Amino acid sequence: QVQLVESGGGLVQPGGSLRLSCAASGTIFSFNTMGWYRQAPGKTRELVATISSGGRTNYADSVKGRFAISKGNAKNTVYLQMNSLKPDDTAVYYCNINVRMSLHGPRNDYWGPGTQVTVSS
């Protein structure tokens, strides 16, 4: 199975920055995408940003120009640099990986436990 470890969440003032990290381990032959999703109280989980194994990125309109997703030097790692943070960014952020566990096997999604990001003055 696949395990995801997240770090970097915390409390920051509006306009501040945080960097989230995620590392995946386990039975991973290859991954299609890794990314970040978030869920605020009373709201559904939404996409924040994803990056493919080839480096293609995708961002929610609400974070374009403020957040940047990147792959780490270690295998199956991803970072989310969060700048110009707003109170509306407050949420639990979840790391996601879409993986293939064998050469011709199916793709499956796995989720981290979530890390809290709070933006408040």
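In this text, all values refer to a predicted model and were calculated from it rather than measured experimentally.
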Distance col, row S30:OG vs M101:CE, nearest 0.5 angstrom, shows 11.0 Å
Nearest heavy-atom approach of L85 to R66 is CA-NH1, 3.9 Å
| Any donor-acceptor pair under 3.5 Å linking the side chain of R100 with the backbone of G105? | yes
Side chain to side chain contact (heavy atoms under 4.5 Å, CB included), that's the test. Do L20 and T115 meet it? Break it down for me. CA-CA 9 Å; L20 305 183; T115 183; 4.2 Å; yes
Rounding to 0.5 Å, atoms CD1 (I28) and CD (Q1) come to a distance of 11.0 Å
query: Do the non-hydrogen side-chain atoms of P87 and P14 ever get within less than 4.5 Å of each other?
result: yes
Got V99 and M34 here, is their nearest side-chain heavy-atom distance under 4.5 Å? no
Taken to the nearest 0.5 Å, the spacing of T77 OG1 from K75 NZ works out to 11.5 Å
Between the CD1 atom in I51 and the CD1 atom in I69, the distance rounded to the nearest 0.5 Å is 6.0 Å
Test item: side-chain donor near acceptor, R45 and Y37, under 3.5 Å:
no
*ILVMFWY network linking V78 to V2, side-chain heavy atoms under 4.5 angstrom*: yes
Checklist entry - Do side-chain atoms of T90 reach the backbone of V119 as a donor and acceptor pair under 3.5 angstrom? => result yes
Legend entry - Minimum side-chain heavy-atom gap D89-R38 below 4.5 Å: yes
Note to self: Are the side chains of T118 and Q116 in contact, using a 4.5 Å heavy-atom criterion?
What the structure shows: yes
K43 and Q39 have their tightest heavy-atom pair at O-NE2, 3.0 Å
*Check against side-chain hydrogen bond (donor to acceptor under 3.5 Å, both in side chains), T44 and E46*: CA-CA 6 Å; T44 58; E46 64 178 358; over 6 Å; no
Problem set entry | Co-membership, hydrophobic cluster, residues W36 and F31, 4.5 Å side-chain | yes
- request: Could you walk me through whether L18 and V117 pass side chain to side chain contact (heavy atoms under 4.5 Å, CB included), step by step?
  value: CA-CA 9 Å; L18 288 172; V117 172; 3.9 Å; yes
For this session: Evaluate side chain to side chain contact (heavy atoms under 4.5 Å, CB included) for E6 paired with Y93, printing each intermediate quantity in order.
Result: CA-CA 9 Å; E6 303 156 334; Y93 284 68; over 6 Å; no
Closest non-hydrogen atoms of L4 and G112, given as atom of the first, atom of the second and distance, are CD1-N, 3.3 Å
- Item | Cationic N near anionic O, under 4.0 Å, K64 to D61 | yes
Value for CG (N98) from OG1 (T50), rounded to nearest 0.5 Å, stands at 10.0 Å
Between S17 and N83, does the side-chain hydrogen bond (donor to acceptor under 3.5 Å, both in side chains) criterion hold? Intermediate values first, please. CA-CA 4 Å; S17 298; N83 299 323; 2.9 Å; yes
Is R19 positioned over the aromatic face of Y79, cation under 6.0 angstrom from the ring centre and no more than 45 degrees off axis?
-> yes
For L80 and A49, the nearest pair of non-hydrogen atoms, with its separation, is CD1-CB, 4.1 Å
- Message: According to a hydrophobic-cluster definition based on side-chain heavy atoms being under 4.5 Å apart (Ile, Leu, Val, Met, Phe, Trp, Tyr only), do W111 and V92 belong together?
- Response: yes
Practice problem: Please examine the side chains of I97 and N32, heavy atoms only from C-beta on, and report whether any two atoms are closer than 4.5 Å. | Solution: no
